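Letters A, B, ... are given to chains in the order of the sequence lines, protein chains preceding strands, and every chain is numbered from 1. Please read all numbers here as calculations on a predicted model, not as lab measurements.
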Amino acid sequence: MRIATWNVNSVVARLPRLLEWLQDTAPDALCLQETKVADDGFPTDAVAELGYQVATHGDGRWNGVAILSKVGLDDVVRGLAGGPGYPDPEARAVAAGCGGVRLWSVYVPNGREPGHDHYHYKLAWLASLLDVVAADLERTDRLAVMGDFNVAPTDADVWDPAVFAQSTHVTPPERAAVQALLGTGLVDVVPRPLKYDYPFTYWDYRAGNFHKNLGMRIDLVYATPSVAGAVSDAYVDREARKGKGPSDHAPVVVDLDLG
DNA sequence: ATGTCGTGGACGCCACGA
């Protein structure tokens, strides 16, 4: 089974590239983030023509997540039960069982800057994610949390840690919140890069950062040992970041041999 | 070097978020 995650930065603006990528890559399940569309505006028919069912959770202009699947969508849950809002709950998480694996598609709040209200919201959101995942782990040992975590877990995950010294994505509280997910037993499935020496997944649109490979690894796959142990390959599809009209994030693709 | 995108409101640009 092939699973993947991709922050598409608007599923409507990205639709031609998404459809082309689905045909080329053929994941069995794909977690999307930043769909930026309400549920009734999601291009459900277009992905259905390629054989995908979809579980959407969108609010309109901001945020929005979804899971596309060719292998079923069981027990769909939208949002984090008991989670924080800004001030109201936002569309940043959706879960479904796909081919026997429970997938969470998550779009962690950005945080804007350390100390900002949005930063505290980010930490509270991650704490709530931990609670929800821990509850799921009571029921299944086949689970993966996939998406845009907006946190670079280590200094190796940013092109120049000094540039981010006063920024979000690298602060100790953010890294501790992500590390706490690993504390439940989840494993960081680190993909291989298709080029260069580190698997960055995001490059700012500005300043030619992609061309210069000034990126970050913030799109993560955190899987239970039974899923991580079944990984036969994992890679960042940087080809999807090239050319005309890309997202600023590249997809992470994970192949599983679940037996 | 805050240099680029995407969205949507009230327009042919601006505010906002990332």
Side-chain angles (χ1 to χ4, degrees), chain A residues 5-21 31-43 46 56-66 84-93 105-126 129 146-153 157-171 174-175 177-178 200-220 236-252:
Chain A
T5 182
W6 194 8
N7 178 324
V8 286
N9 188 17
S10 169
V11 72
V12 173
R14 217 62 59 212
L15 188 60
R17 291 194 63 133
L18 172 63
L19 296 176
E20 181 181 21
W21 187 85
C31 294
L32 294 176
Q33 301 86 37
E34 280 208 89
T35 55
K36 293 186 172 178
V37 71
D39 292 339
D40 62 5
F42 196 95
T56 60
H57 184 37
D59 250 345
R61 184 175 187 181
W62 308 118
N63 314 309
V65 287
Y86 192 75
D88 300 315
E90 298 179 310
R92 294 180 176 275
S105 177
V106 300
Y107 176 49
V108 177
N110 172 285
R112 302 197 186 155
E113 58 186 68
H116 193 286
D117 281 350
H118 205 261
Y119 176 82
H120 297 297
Y121 168 53
K122 179 181 194 172
L123 295 177
W125 199 92
L126 282 166
L129 177 63
M146 310 173 66
D148 179 357
F149 281 59
N150 268 318
V151 176
D157 297 309
V158 296
W159 59 272
D160 183 357
V163 172
F164 295 87
Q166 306 302 322
S167 306
T168 59
H169 293 57
V170 302
T171 67
E174 290 168 277
R175 285 177 168 171
V178 167
F200 294 142
T201 65
Y202 161 83
W203 302 260
D204 197 298
Y205 282 125
R206 293 170 286 194
N209 275 12
F210 178 68
H211 180 70
K212 293 183 275 191
N213 198 34
L214 305 182
M216 308 176 81
R217 187 176 75 98
I218 57 176
D219 299 272
L220 308 176
V236 180
D237 188 2
R238 73 187 302 280
E239 297 299 311
R241 182 62 177 78
K242 293 182 178 177
K244 184 176 170 56
S247 169
D248 42 1
H249 295 251
V252 177

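Taking atom P in both dG3(B) and dC14(B), the straight-line distance is 14 Å, to the nearest Å. Rounded to the nearest Å, the gap between the P atom of dA10(B) and that of dG6(B) is 23 Å. Between the P atoms of dC16(B) and dA1(B), the separation comes to 25 Å (whole Å).
Residues forming a side-chain contact (heavy atoms from CB on, under 4.5 Å) with A13(A) (at least two apart in sequence, or on another chain): S10(A). Not counting sequence neighbours, S247(A) has no partner by the side chain to side chain donor-acceptor pair (under 3.5 Å) test. Shown here are the side chain to side chain donor-acceptor pair (under 3.5 Å) partners of R14(A), two or more places apart in sequence or in another chain: there are none. Every residue two or more places apart in sequence or in another chain that forms a side-chain contact (heavy atoms from CB on, under 4.5 Å) with D40(A) is listed here: A38(A). In this view, P109(A) and R92(A), H118(A), Y121(A), K122(A), W125(A) satisfy the side-chain contact (heavy atoms from CB on, under 4.5 Å) rule, not counting sequence neighbours. Looking at residues two or more places apart in sequence or on another chain, you find no side chain to side chain donor-acceptor pair (under 3.5 Å) involving N110(A). Contacts of D59(A) classified as side chain to side chain donor-acceptor pair (under 3.5 Å), with partners at least two apart in sequence or in another chain: none.
Between K36(A) and H249(A), the residue anchored nearer the 5' end of DNA chain B, judged by the nucleotide with its closest heavy atom, is K36(A). The nearest heavy atom of DNA chain B to R112(A) and to G60(A) marks one nucleotide each, and the one closer to the 5' end goes with G60(A).
For the contact set between residues 201-209 of chain A and DNA chain B, defined by any heavy atom under 4.0 Å, the members are Y205(A), R206(A), A207(A).
Looking only at atom types and distance, the side chain of D237(A) has a donor-acceptor partner in the side chain of W21(A) under 3.5 Å away.
Residue Y107(A) is in sugar-phosphate contact alone, with no base atom involved, counting any heavy-atom pair closer than 4.0 Å across all strands shown.
With a heavy-atom cut-off of 4.0 Å to chain A, the contacted part of DNA chain B has its first and last nucleotide at dT2(B) to dA18(B).
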